[in-house]
Amino acid sequence: MYNAKLEISKLLGPLVPGLETRQIYDMLEIPPNPDMGDLALPCFKLSKTLRKSPVQIAQELASAIPQNEHVNKVESLSGYLNFFLNRDKFTGSILTYILKAGASFGASDLGKGKNIVIDYSSPNIAKPFHVGHLRSTSIGNSLYRIFEFMGYNCIGINYLGDWGTQFGKLIAAYKKWGNEQAVQEGLINELVALYVKFHQEAEKDPALDEEARQWFVRLEQGDPEARRLWQWFIDISLKEYHKIYELLGVSFDSYNGESFFNDKMQPVIQELQDKGLLKESQGAMIVDLEEEGMPPCLILKTDGSTLYATRDITAAIYRKKTYDFEKCIYVTGVSQSLHFKQWFKVIEKMGYDWHKDLHHVPFGTVSIGGEKLATRTGKVVLLEEILSKAIEKTLETIESKNPNLENKHEVAQQMGVGAVIFSDLFSNRIKDVSFSWDEILNFDGETGPYVQYTHARACSVLRKAAESGSKAAADFDSSLISSREEYQLVKSLSLFPEKIKQALDDLEPSILTRYLVNLAQDFNRFYHEHPILTDNPALRSARLALVQAAKHTLCNGLHLIGLQAPERV
RNA sequence: GCGCCUGUAGCUCAGCAGGAUAGAGCAACGGACUUCUAAUCCGUAGGCCAGGGGUUCGAAUCCCUUCAGGCGCGCCA
């Protein structure tokens, strides 16, 4: 794609002694106000080496720039060298490129032949899927799509929380108070109810805890009844999760959860032992991390049983062997940051140089009314409830604005779900979020429906144009796209590839989410200001090219953050 | 106590490999639909960028420090 910044830095290269073209490229920035130009070189840093005032440098450079096809005008303004691009060339090159690339605009083969493992969603079996789980799911899914778009081969893993002492409690509770029919009818809700009841009763009667422990031991030893119940609970949970995943448009390549690694930990423990990393402390086995300034990493409990870290280390080694990943990404809450730092370090101490390819992608905590979410106390908002409310509200809007829409239920689902995912991906992952019904059900302004609506608007114009025999074609006259709004839109469009790259480098989908809002704003301003289907064929054709390019970019961008892009709303 | 993170408009957030006058959206108020979908657009109002020091030609951005909030710190995950 045409890169004006690169062309300008090439022009400047020979004129600025002591600086590489590359360095100049990095110095170029976008002025705060478009009236000042399209690109600018601040000359303050050059002042020292050139022993001249920045103002003087800017002035001299301005007059030294030779006539060329890329820049129309160069201005010196208070120490800045401001460039006004040849809009005709810029617009023509960018739009032509986007029209040609179409659905693959922004894509790349950067990651060709490389594998990326992404561990996300990972709910705990027998717990309902609530807003808190959404974050890991939506961030992980978006990263998956971004990496895939950049040519990587992705392996999405749902590392299910399908093992642990809570299953002992659950089985004990079921044996005591549960029955098959109630569970068949109530599903996860019933399992949660049993779990909650267990905790309430255990407060009064500590013997229950012992009973739960016994059941877990039986489960570990392969007791048929324990295994059967355990598997049943998993099946029930997965069935409900699948409904949610289907709504969200999320899928996985592997569901190997914690239990998958039960029989794979022993060799790893042995390996830690052989490498002299294991140390006994207070009856437990640890890897000491004092030199690294961290608390020790617990590998075995006093009773010899394994822990979270043991499983994670085992899983990482297994994944490296199985997938030979370029990166292995873990999308979990920020509260687990230390845990990851610790066991990443253990991997390093084991001598695996791929420890540097392990990435924890943390996100902030979701709270509601100032309180943390907790399944045990019932302080949760279920994702299913949020999604269905959002879909319902979207349907109402459609009924009032476009009641004749053919597939309104499908569209309502796409936009309602889109609203929820979009809002989840809107701010930097690390920020804590306070759940609010008002916010999540607001579809005005910086929201998923706003971007989807904008996309549908573009589609609508293109459809109308096609009906009257006009199409966006490659042979448009770019000099006709000259207004402020049109030019701004072209500039925004041209930023898409670098925004994807940035989102990928930072493992931060919100960069794309926010970019899409900006792009939609620019499109809507243009749309409002300039009629597209005009009687002037040349002008119409040029504007249609612009609309077509915007449509592709909005559509591609929406897919990268996991939203659908309906053509009619 | 120690460590990590966050603090920008009434609210939710951008901007943080230093750069020109700190930007959006929501909420409020005022405008724009006989014309491509008004889930839209335009305007008004709203800020000692938590406080204080420093580095720099230049700091919301980097360093130090104080304060406030969140999270974590051995047998949960």
Side-chain angles (χ1 to χ4, degrees), chain A residues 26-27 29 31-33 36 40 42-45 47-48 53-54 77-80 82 122 124 159 161 163-166 258 281-286 293-309 311-312 332-339 341-342 362 364-365 367 372 394 397-398 400-402 405 415 419 423 426-428 430-434 436 438-439 442-454 456-465 468 510-511 514 517-518 520-521 523-534 540 543-544 547 568-569:
Chain A
D26 290 334
M27 280 174 75
E29 54 189 49
N33 183 334
M36 296 171 174
C43 300
F44 308 96
K45 282 190 185 115
S47 184
K48 250 181 217 149
S53 77
L77 182 65
S78 51
Y80 288 88
N82 291 339
S122 310
N124 287 326
Y159 186 54
W163 200 252
T165 45
Q166 74 267 24
E258 294 172 20
S281 165
Q282 297 169 34
M285 297 306 277
I286 64 163
M294 283 186 271
C297 185
L298 273 274
I299 302 295
L300 292 175
K301 295 190 215 175
T302 317
D303 66 6
S305 58
T306 58
L307 284 123
Y308 188 31
R311 220 172 297 272
D312 272 342
T332 83
V334 67
S335 63
Q336 295 184 36
S337 289
L338 177 60
H339 163 75
K341 257 180 86 176
Q342 287 177 305
T365 314
S367 64
K372 261 180 79 176
T394 311
T397 308
I398 293 173
S400 71
K401 296 185 188 278
N402 193 6
L405 185 66
M415 289 182 96
S423 105
F426 187 67
S427 50
N428 281 339
I430 202 66
K431 299 259 178 170
D432 287 347
V433 295
S434 177
S436 142
D438 283 349
E439 251 170 67
N442 173 28
F443 299 164
D444 296 330
E446 297 166 328
T447 66
Y450 171 75
V451 179
Q452 287 170 316
Y453 172 78
T454 306
R457 250 185 166 178
C459 290
S460 183
V461 176
L462 293 168
R463 197 164 51 237
K464 286 238 159 59
S468 64
S510 69
I511 288 168
R514 241 174 285 109
V517 167
N518 278 324
Q521 285 171 336
F523 179 85
N524 283 319
R525 284 186 194 120
F526 150 69
Y527 178 93
H528 189 264
E529 216 55 45
H530 306 284
I532 296 152
L533 303 175
T534 67
R540 186 172 61 224
R543 287 189 176 152
L544 279 173
V547 174
R568 297 171 199 248
V569 304

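We name chains A, B, ... by the order of the sequence lines, and we start the count at 1 in each one.
Using a 4.0 Å heavy-atom distance criterion, A:Pro31 is classed as a base contact. At a threshold of 4.0 angstrom between heavy atoms, the contacts of A:Glu258 are confined to the sugar-phosphate backbone, with no base atom among them. At the heavy-atom level, A:Asp312 lies nowhere under 4.0 Å from the strands shown. Within 4.0 Å of A:Ser281, counting heavy atoms only, lies at least one base atom of the nucleic acid. Within the 4.0 angstrom heavy-atom criterion, base atoms lie near A:Ile532. Across all strands, A:Ala40 comes closer than 4.0 Å to base atoms (heavy-atom distances).
When the C1' atom is used for both B:G7 and B:U65, the distance is 16 Å, rounded to whole Å. Straight-line distance between the P atoms of B:C76 and B:C2: roughly 28 Å, to the nearest whole Å. Separating the C1' atom of B:C67 from that of B:G15 is a span of 24 Å, rounded to the nearest Å. The separation of B:A45 from B:U37, taken at their P atoms, amounts to 34 Å, rounded to a whole angstrom. Across B:G18 and B:G54, the matching P atoms stand 22 Å from one another, rounded to whole Å. Using P as the reference atom, B:A60 and B:U21 are 11 Å apart when rounded to the nearest Å. A gap of 23 Å separates the P atoms of B:G47 and B:G53, to the nearest Å. The separation of B:U61 from B:A20, taken at their P atoms, amounts to 13 Å, rounded to a whole angstrom.
Ranking B:A20, B:C75, B:G15 by closeness to the A:Lys301 side chain, first place goes to B:C75. Side chain of A:Glu29, nearest nucleotide from B:U12, B:A77, B:A20: B:A20.
If you take CZ on A:Phe426 and CD on A:Glu439, they are separated by 10.5 Å, rounding to the nearest 0.5 Å. Interatomic distance, A:His528 NE2 to A:Asn524 CG, rounded to the nearest 0.5 Å: 9.5 Å. Interatomic distance, A:Arg525 CZ to A:Glu529 CD, rounded to the nearest 0.5 Å: 10.5 Å. One finds the OH atom of A:Tyr527 at 10.0 Å from the OG1 atom of A:Thr454 (value rounded to the nearest 0.5 Å).
With its glycosidic angle more than 90° from 0, B:A22 is assigned anti. In B:C33 the base sits syn relative to the sugar, since the glycosidic angle is no further than 90° from 0.
If you take CZ of A:Arg311 and P of B:A77, they are 6 Å apart, rounded to a whole angstrom. Counting to the nearest Å, the P atom of B:G74 and the CD atom of A:Gln336 are 15 Å from each other. Between the CD1 atom of A:Ile511 and the P atom of B:C13 there is a distance of 17 Å, given to the nearest Å. Distance, A:Leu338 CG to B:G70 C1': 16 Å, rounded to whole Å. Rounding to whole angstrom units, CD of residue A:Gln342 and C1' of B:C76 are separated by 14 Å. Remark: P of B:C75 and OH of A:Tyr308 are 15 Å apart, rounded to the nearest angstrom. To the nearest angstrom, C1' of B:A27 lies 11 Å from CG of A:Asp438. Here the C1' atom of nucleotide B:G69 and the CD1 atom of A:Ile430 are 15 Å apart, to the nearest Å.
With a cut-off of 3.5 Å on both pairing distances, B:C16 has no Watson-Crick or G-U wobble partner at all. Nucleotide B:A22 has no partner under the Watson-Crick or G-U criteria, as no pair reaches both atom distances under 3.5 Å. With a 3.5 Å ceiling on both atom-pair distances, B:C76 lacks any Watson-Crick or G-U wobble partner. Under the Watson-Crick or G-U wobble criterion, with both distances below 3.5 Å, B:C41 is paired with B:G31. Using Watson-Crick or G-U wobble geometry with both donor-acceptor distances under 3.5 Å, B:C4 finds its partner in B:G70.
Under 3.5 Å, the side chains of A:Arg568 and A:Ser460 contain no donor-acceptor pair of N or O atoms.
Nucleotides of RNA chain B nearest to A:Lys45 and A:Pro295 differ in position, and the one nearer the 5' end is that of A:Lys45. Between A:Gln166 and A:Met285, the residue whose closest nucleotide on RNA chain B is further toward the 5' end is A:Met285.
Note on A:Lys431: a side-chain N or O is less than 4.0 Å away from OP1 or OP2 of B:G7. Phosphate proximity of B:A14 to A:Asn428: present, with a side-chain N or O under 4.0 Å from OP1 or OP2.
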Where protein sits on nucleotides 37-45 of chain B, one letter per nucleotide: B base, S sugar-phosphate only, - none, heavy atoms under 4.0 Å: BSBSSS---
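Applying the side-chain hydrogen bond (donor to acceptor under 3.5 Å, both in side chains) rule to A:Ser47 yields no partners; only residues at least two apart in sequence or on another chain are considered.
Looking only at side-chain heavy atoms (C-beta outward), A:Val461 and A:Leu533 come within less than 4.5 Å of each other.
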Residue pair A:Leu544, A:Leu462: steps toward the side chain to side chain contact (heavy atoms under 4.5 Å, CB included) verdict: CA-CA 7 Å; A:Leu544 279 173; A:Leu462 293 168; 4.0 Å; yes
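Around atom CZ of A:Arg463, more than 12 heavy atoms belonging to other residues, nucleotides or ligands sit under 6.0 Å away.
Within 3.5 Å, a donor on the side chain of A:Thr302 pairs with an acceptor on the base of B:C75, or the reverse. Checked by distance alone, A:Asn442 brings no side-chain donor or acceptor within 3.5 Å of a matching partner on the base of B:A27.
A:Glu446 places no side-chain N or O within 3.5 Å of a backbone atom of A:Arg514 that could act as its donor or acceptor partner.
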